[in-house]
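Notes for the one structure printed next.
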There are 2 protein chains.
Amino acid sequence: MPDDMSASSAWEEELLSSFLAMVKAKDGDFQVLTKLDHATRDQESFVLMHRKLLAEPGVEEAFQKKALLGRTDFAELHKLPTNTLGYLYADHMIRNQLNQLKPLNDKTAADTTDDYRFMALHLGETHDIWHVISNSDTTILGEIKVAAFSAAQIHTSRFWFALLSKNILKATLYDIESATIYLDIATTGWVMGRRAKSIFGVDWREWWTTPIDEVRQAFGVVEFEI
Amino acid sequence: MPDDMSASSAWEEELLSSFLAMVKAKDGDFQVLTKLDHATRDQESFVLMHRKLLAEPGVEEAFQKKALLGRTDFAELHKLPTNTLGYLYADHMIRNQLNQLKPLNDKTAADTTDDYRFMALHLGETHDIWHVISNSDTTILGEIKVAAFSAAQIHTSRFWFALLSKNILKATLYDIESATIYLDIATTGWVMGRRAKSIFGVDWREWWTTPIDEVRQAFGVVEFEI
């Protein structure tokens, strides 16, 4: 299990307090997001996530390989044709001035011996690829869409479900006129994530040169219109 | 405006505290639900609801008529053919031992002179008909479905959006394995409510003898499968 995984039950109050902090924080406050991320690394949901993911086609093999992206050369990927996954991922990262989440040096990578640690690292470092695959930008609407898509794909992720709940409550309290469009985009992301094949465990380095349309088709990721 | 409508801003803390009370309460705790209902009767969302509903076909006429159900004779409705709205509504009420929400005596009915009061009374007294129309039972799944359907239909209802958020957070905290089925049923109710015509303001007494399939067809209420 990841080092920072909390002991059972302690995380409940931590989750509630970080949830409330996020409701009152500005969208995109990374400090409170990190607090929520920590609070949701409880053992129970990780065990369930692992079990549910293993039941998906291809995921058992992914857990055996434990292939991590590692550091990615975005300048290089950005030279690929503009319709490829590699270009679009690099463009997303460069345009939004994003860093890879938890980029790994060799020492850390060597520690990824157990499934739980791989799961946490893989989900972290591929999150921005999930943005591209699910056609979710970095506006609040894109973040809600990728949250719903991720919750649908990862099944028992307390992190993504808490974020969905937070965004609905935040709109309810402070921006009720946006609640309908928030629920619309959450619905879109949810249906897309539920209908698609599992994209957990995919070694995306093998897909950099593939046109995004073909990537989406391969995993059954289809935009949903209400 | 309803007598118990809180002054702007005071309701925010009340909504948050009743939200948290509901997260920690058992499903179906009516006392905390009443508290949330009170907290969400703020002026801003009622003005917005009124404006958005008026833009729906047929709703302006409904506000002019201000037809209320009033007391309903369930034993009598229960004699209708079993496929009619009237029978199914009566059966829903009898089987679940439900009382009409806020049944009106003549004096109260005479007070329904303004649109806001009519809106609150009409939504309250027709809620269980919305259960039947949207094919939502009184289990937690049915309650989530009708909540999503209602939020989609009423546009800016802080009450229904808060309930949706609450149910997602509650599953996140205490029953993460149910989160997927909760989101599935919320999605179903949301898509149904968004795709259907507005059922706000309908005088259901004119529809008691109509088969439920025809009622649903008339309003475009179609079950959605993920």
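Please read these numbers as outputs of a predicted model, since none were measured by experiment. Numbers restart at 1 for each chain; the letters A, B, ... are given by sequence-line order, proteins then strands.
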Exercise for the section: Determine the option with the most heavy-atom pairs under 4.5 angstrom with chain A, choosing from B/Leu16, B/Leu15, B/Val23, B/Asp184. Expected result: B/Asp184
Practice task
Please state whether the side chain, the backbone, both or neither of A/Tyr182 comes within less than 4.5 Å of a heavy atom of chain B.
Solution key: neither
Handout entry: Part of A/Arg194 within contact of chain B (heavy atom distance under 4.5 Å)
Key = side chain
Practice task
Pick whichever of B/Thr156, B/Ile176, B/Ile168 has the most heavy-atom pairs under 4.5 Å with chain A.
Solution key: B/Ile176
Exercise for the section: Please find out if less than 6.0 Å separates the ring center of B/His131 from that of B/Tyr89. Expected result: no
Practice task
Count the heavy atoms belonging to other residues, nucleotides or ligands that lie under 6.0 Å from CZ of A/Arg51, then report whether that count exceeds 12.
Solution key: no
Handout entry: Heavy-atom proximity to chain A below 4.5 Å, by part of B/Lys170
Key = neither
Problem - B/Glu223/B/Lys145 ion pair, N-O < 4.0 Å - result: yes
Practice task
Take the angle between the ring planes of B/Phe219 and B/Trp207 and call it parallel below 30°, perpendicular above 60°, tilted in between.
Solution key: tilted
Handout entry: Residue selection (most heavy-atom pairs with chain A, distance under 4.5 Å) from B/Asn167, B/Thr40, B/Leu169, B/Leu20
Key = B/Leu169
Exercise for the section: Please flag which part of A/Leu48 lies under 4.5 Å from any non-hydrogen atom of chain B: side chain, backbone, both or neither. Expected result: side chain
Exercise for the section: Please tell me if the side chains of B/Lys66 and B/Asp115 come closer than 4.5 Å, counting only heavy atoms from C-beta onward. Expected result: yes
Exercise for the section: Please determine, among B/Glu177, B/Arg158, B/Glu44, the option with the most heavy-atom pairs under 4.5 Å with chain A. Expected result: B/Arg158
Practice task
Classify the angle between the aromatic ring planes of B/Phe200 and B/Phe63 as parallel (below 30°), tilted (30 to 60°) or perpendicular (above 60°).
Solution key: tilted
Problem - Toward chain A, the part of B/Phe19 with a non-hydrogen atom under 4.5 Å - result: side chain
Handout entry: Check: B/His127 ring centre within less than 6.0 Å of B/Trp160 ring centre
Key = yes
